[in-house]
Amino acid sequence: MPTPRIYGRTVAQAGRFVYELHLLRHLSTYQSSFMQAVVLTNYGGIENFALADVPTPEPKADEIRVRLRAASFNPIDSQIRRGGDESKLVSSPILGRDFAGVIDQVGAAVTDWRIGDPVFGYCSSMGSNGTYAEYLCIPANIMSAVPAALTFAEAAALPVAGLTALHTWQVSRVGPTASVLISRWSRWCGHAAASAGAAFWRGPIIGNGGQRGQHSTR
């Protein structure tokens with residue numbers, strides 16, 4: 001008596017195939033519902049970080065969701081990790097502020113961005129979570145396009161240092177032709193301050209590299 005077959009498979013093989021197909025569909029649903037993230041379990045040292053599966057955020061009407069390609073570390077991140085004052089403004093156990101990535105979902109009210117657009121920015125407490133994760137939802141109106149000349153890693157290194165440097169120039173209240181000394185020029189904020197100043201400052205800018213013998217002048 002010939003062995004019964006379903007689409008070329010025996011009954012046992014067909015049953016196994018249906019089970020595996022169901023398992024793959026379930027796994028696909030799970031993978032789309034959860035993302036991996038580095039979670040802070042308690043304030044203190046780096047030993048309190050743990051890799052975990054957490055729910056993937058969904059964008060609100062005015063938000064976009066970004067699949068992160070790069071994130072950077074800033075001194076403020078370590079202050080938050082230790083429970084400093086800034087930690088009071090953070091609602092997510094996922095830390096990190098600077099990021100760059102590709103939009104993979106847009107909210108119903110978003111018209112300026114499309115899926116696939118490369119973007120970068122700074123999330124602070126405005127995002128669904130911090131940047132030590134696979135995905136992040138954030139208001140669309142605070143995003144910037146990644147410049148064509150920059151990699152994702154380079155773009156992710158810009159926001160905190162760049163905004164700090166720009167804000168310093170804005171509140172410095174020194175005349176546009178005054179001499180300016182930038183301490184620790186070689187550090188990222190100092191370098192960003194020198195670059196921003198060079199764009200609109202007419203006076204001399206002098207930099208101290210932070211180590212003996214390091215200095216520069218524009």
Side-chain angles (χ1 to χ4, degrees), residues 35-52 54 57 59 63-102 118-147 150-173 180-197 199 207-211 214:
M35 65 176 179
Q36 285 198 313
V38 177
V39 176
L40 184 67
T41 59
N42 198 6
Y43 292 127
I46 59 175
E47 67 276 6
N48 292 325
F49 280 127
L51 185 64
V54 299
E63 293 181 335
I64 58 172
R65 189 172 74 183
V66 181
R67 183 175 178 87
L68 302 184
R69 296 286 299 274
S72 64
F73 174 83
N74 293 282
I76 195 170
D77 296 322
S78 63
Q79 295 171 19
I80 294 173
R81 170 178 55 78
R82 294 193 299 267
D85 290 342
E86 285 285 339
S87 65
K88 299 174 184 177
L89 303 176
V90 177
S91 59
S92 171
I94 304 170
L95 305 188
R97 298 194 168 201
D98 291 349
F99 68 93
V102 176
V119 294
F120 76 110
Y122 164 85
C123 68
S124 184
S125 58
M126 296 174 285
S128 57
N129 47 265
T131 62
Y132 303 165
E134 290 184 281
Y135 294 93
L136 166 73
C137 290
I138 192 163
N141 62 356
I142 62 172
M143 287 293 88
S144 296
V146 175
L150 297 184
T151 65
F152 284 110
E154 290 167 340
L158 281 175
V160 167
L163 289 172
T164 300
L166 184 60
H167 179 68
T168 301
W169 280 108
Q170 290 172 339
V171 301
S172 63
R173 297 186 179 180
V180 175
L181 170 65
I182 298 177
S183 181
R184 299 189 177 184
W185 179 297
S186 60
R187 301 288 182 92
W188 184 212
C189 275
H191 185 73
S195 298
N208 173 11
Q211 298 182 17
Q214 289 187 350

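Note that the numbering runs from 1 along the sequence shown for the chain. FYI, side chains are in, hydrogens and waters are out, and symmetry mates aren't considered; it's all heavy atoms of this structure.
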When the side chains of residues 42-49 are checked against the rest of the protein, which donor-acceptor pairs come out under 3.5 Å, sequence neighbours left out?
{"unit_1": "Asn48", "atom_1": "ND2", "unit_2": "Asn42", "atom_2": "O", "d": "3.2"}
{"unit_1": "Asn48", "atom_1": "ND2", "unit_2": "Tyr43", "atom_2": "O", "d": "3.3"}

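Expressed to the nearest 0.5 Å, how far CD1 of Ile64 lies from CD1 of Ile142 amounts to 8.5 Å. Separating the CG atom in Leu136 from the CD atom in Glu63 is a distance of 8.5 Å, to the nearest 0.5 Å. Rounding to the nearest 0.5 angstrom, the gap separating the CG atom in Leu51 from the CD atom in Gln36 is 4.5 Å. Once rounded to the nearest 0.5 Å, the distance linking CZ of Arg81 with CD1 of Ile76 reads 13.0 Å. Atom OH of Tyr135 and atom CZ of Phe99 lie 14.5 Å apart (nearest 0.5 Å). In this structure, Leu68 CG and Tyr132 OH are separated by 12.0 Å, a value rounded to the nearest 0.5 Å.
Under the side-chain hydrogen bond (donor to acceptor under 3.5 Å, both in side chains) criterion, Ser128 pairs with no residue at all, not counting sequence neighbours. In this structure Asn129 satisfies the side-chain hydrogen bond (donor to acceptor under 3.5 Å, both in side chains) test with no other residue, sequence neighbours excluded.
In terms of heavy atoms, Leu158 sits closest to Leu150 at CD1-CD1, 3.6 Å. The two residues Ala156 and Asp98 make their nearest non-hydrogen contact at O-CB, 3.0 Å. Taking all atoms of both residues into account, the shortest heavy-atom contact from Pro147 to Phe120 is CD-CE2, 3.9 Å. Nearest heavy atoms, Gly101 versus Phe152: O-CE2, 3.4 Å. The nearest pair of heavy atoms linking Ala37 to Ala133 is CB-CB, 3.7 Å. The two residues Thr131 and Cys123 come nearest to each other via the heavy atoms CG2-SG, 3.9 Å.
Here the side chain of Arg65 pairs a donor or acceptor atom with the backbone of Pro57 at under 3.5 angstrom.
By the 6.0 Å contact criterion, CZ on Arg69 is open, its count of non-hydrogen atoms from other residues, nucleotides or ligands being 12 or less.
Looking at heavy atoms from C-beta onward, Arg97 lies in side-chain contact with Ile80 at the 4.5 angstrom threshold.
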